[in-house]
Undergrad: 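Below is one structure. I have some questions about it.
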There are 2 protein chains.
Amino acid sequence: MVSSAQSSVIAPNLAVSTVIFTLRPNADGCLKLALPLVKRIRAPFEGQWALPGGPLNISEDLATAASRNLLETTHLEPRYLEQLYAFGSLDRSPGSNLADRVVSIVYWALVGNDEAGTAVESENVQWFWADELPALAFDHNEIVNYALWRLRNKLEYSRLAHRFLPELFTLAQLREVYEAVLNRELDPGNFRRTVEAEGAVVPTGERLAGTKHRPPQLYRANQTGEN
Amino acid sequence: MVSSAQSSVIAPNLAVSTVIFTLRPNADGCLKLALPLVKRIRAPFEGQWALPGGPLNISEDLATAASRNLLETTHLEPRYLEQLYAFGSLDRSPGSNLADRVVSIVYWALVGNDEAGTAVESENVQWFWADELPALAFDHNEIVNYALWRLRNKLEYSRLAHRFLPELFTLAQLREVYEAVLNRELDPGNFRRTVEAEGAVVPTGERLAGTKHRPPQLYRANQTGEN
DNA sequence: TATCTTAGTGTCATTTTGACTTTTAGTTCT
DNA sequence: AGAACTAAAAGTCAAAATGACACTAAGATA
């Protein structure tokens, strides 16, 4: 008992933070990446925006802690959750002394764009466009940029686009996710071809009605062999 | 002061460990992946083999800590060093109580096969073939498997094969690295084509003499746009 | 009925990939 | 010296993947 308390005095503190992505329509109606930030209510960086997070509870798993502070800030459940990186530079909080050093284990998460509408916004919690962030507390701008890089990378060789969408979706919606995240247009025909060749989606036979053109088929994600 | 000491008492301890890969020739003379392990001299898992590592010093960067314990166990400098993952499950050390919970930030490193020959072996530090590991302490078998997966993955879309080799190398040597890590044979002609197309190597004009066949050209790694 | 819009299919040229052949330049064997 | 041997280096070719684009289908709307 004594030994662990003693060694802790000279050990850095551990925190868990989460970069939470969703897609929401902007003024033009096209989807854009957005993420929630919380306003800091104490020094350092008081009043500036930061990633949601907090100290790791001794009896809590890392992913559980990430999931918990996702729920606490947004009242949402993650559709996807993955560890991003452990940030532990000595100069993360300029001016503070070593005894207050914090190592942050950062996760990134996706939440559905259907659910993200129900997410809370308040004085201290707001959603920002991922490409229009203000200057954040600590090294959080760096962290978000790395998370963005990882999301874009992973989207191309993995099947996680559907996690932004409800259970049933059209190929056009899925393509829109890719276009919003990767920030470039994709050829609808070629997109269909690759998605079908990968077996990433399963046709349901049902069609989406109410569009002002030919009704598109609804698909669901192919769970088998996903990751 | 008091506050950080108090909060530390209920915080997990932080350690840094490193999976160190090199390539060494086996009995048949072909290269195989090897890594150094240290024998635990105290409970838990006393007498079992484990990854080199130790507690994170309060005034030390994460990568610096990894580099340091690499130097301490093998007396080598890493040619490549990258963070792997932060492992923090509650059940990493079965039977121990929460106050002794350790979160390990694990790095993986490559060292040159030329230098690895000079690496120390002792009663408590030995090199093992990566595919013939004994049952390791804690969750270290899992960790090594994940590091292996990451190494193989990264080798295919990144340029790190040359980090196993000295400054000048032949394409056959580079190919041998790929073959040893990926554990499958590659067509020499196609390998040359892709490596040259990527611009991964720069011909030096010099040739390696003393082979019992046509002397191969020596290349060096193309540093520009490496990662 | 004609028009509009997107769904869904089809075509084709270019590039990339994998399997394989041929030529080259050295050593070794006879 | 010449033949045999080995791996380097260059070249060939068909199959597969990719990107650009045209065409047809099926609904809503005017």
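Labels below follow one simple rule: chain letters A, B, ... track the order of the sequence lines, proteins then strands, and each chain is numbered from 1. Every value quoted in this text rests on a predicted model; they were computed, and no experiment measured them.
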Undergrad: Within the 4.5 Å heavy-atom criterion, are A/L62 and A/Y107 side-chain neighbours or not?
TA: yes

Undergrad: I'd like to check B/Y146 versus B/V19 (side-chain heavy atoms, cut-off strictly below 4.5 Å). Are they in contact?
TA: no

Undergrad: Which is the 5'-most and which the 3'-most nucleotide of DNA chain C that has an atom under 4.0 Å from a heavy atom of chain B?
TA: C/dT17 to C/dT27

Undergrad: What pairs meet the salt bridge (Lys or Arg N to Asp or Glu O under 4.0 Å) rule with one or both residues in residues 123-145 of chain B, with sequence neighbours excluded?
TA: B/K32-B/D131, B/K32-B/E132, B/K39-B/E123, B/R92-B/D139

Undergrad: Do B/R79 and B/D114 meet the salt-bridge criterion of a basic N to acidic O distance under 4.0 Å?
TA: yes

Undergrad: Is any side-chain N of the basic residue among B/K154 and B/E82 closer than 4.0 Å to the acidic one's carboxylate O?
TA: yes

Undergrad: Please list, chain by chain and in numerical order, all residues satisfying side-chain hydrogen bond (donor to acceptor under 3.5 Å, both in side chains) with B/S122, sequence neighbours excluded.
TA: none

Undergrad: Distance-only check: which donor-acceptor pairs under 3.5 Å involve side-chain atoms of residues 199-214 of chain B, not counting sequence neighbours?
TA:
unit_1	atom_1	unit_2	atom_2	d
B/T204	OG1	B/E206	N	3.2
B/T204	OG1	B/L218	O	2.6
B/R207	NH1	B/P215	O	2.9
B/T211	OG1	B/H213	O	3.1

Undergrad: Counting only heavy atoms and a strict 4.0 angstrom limit, can you tell me which residues of residues 187-214 of chain B come near DNA chain C?
TA: B/D187, B/N190, B/R193, B/T211, B/K212, B/H213, B/R214

Undergrad: May I ask you to list the residues of residues 169-179 of chain A, by number, that have any heavy atom positioned under 4.0 Å from an atom of DNA chain D?
TA: none

Undergrad: Evaluate the side-chain proximity of A/W108 to A/P78: yes if any heavy-atom separation is below 4.5 Å, no if none is.
TA: no

Undergrad: I'd like to know whether A/W127 forms a side chain to side chain contact (heavy atoms under 4.5 Å, CB included) with A/T74, so could you lay out the CA-CA distance, the side-chain angles of the two residues, the decisive distance to 0.1 Å, and finally the verdict.
TA: CA-CA 10 Å; A/W127 291 73; A/T74 65; 4.1 Å; yes

Undergrad: A/Q217 CD to D/dG27 C1': how many Å, rounded?
TA: 15 Å

Undergrad: Return the minimal non-hydrogen interatomic distance between A/N222 and A/R159, and the atom names on each side.
TA: O-NH1, 3.4 Å

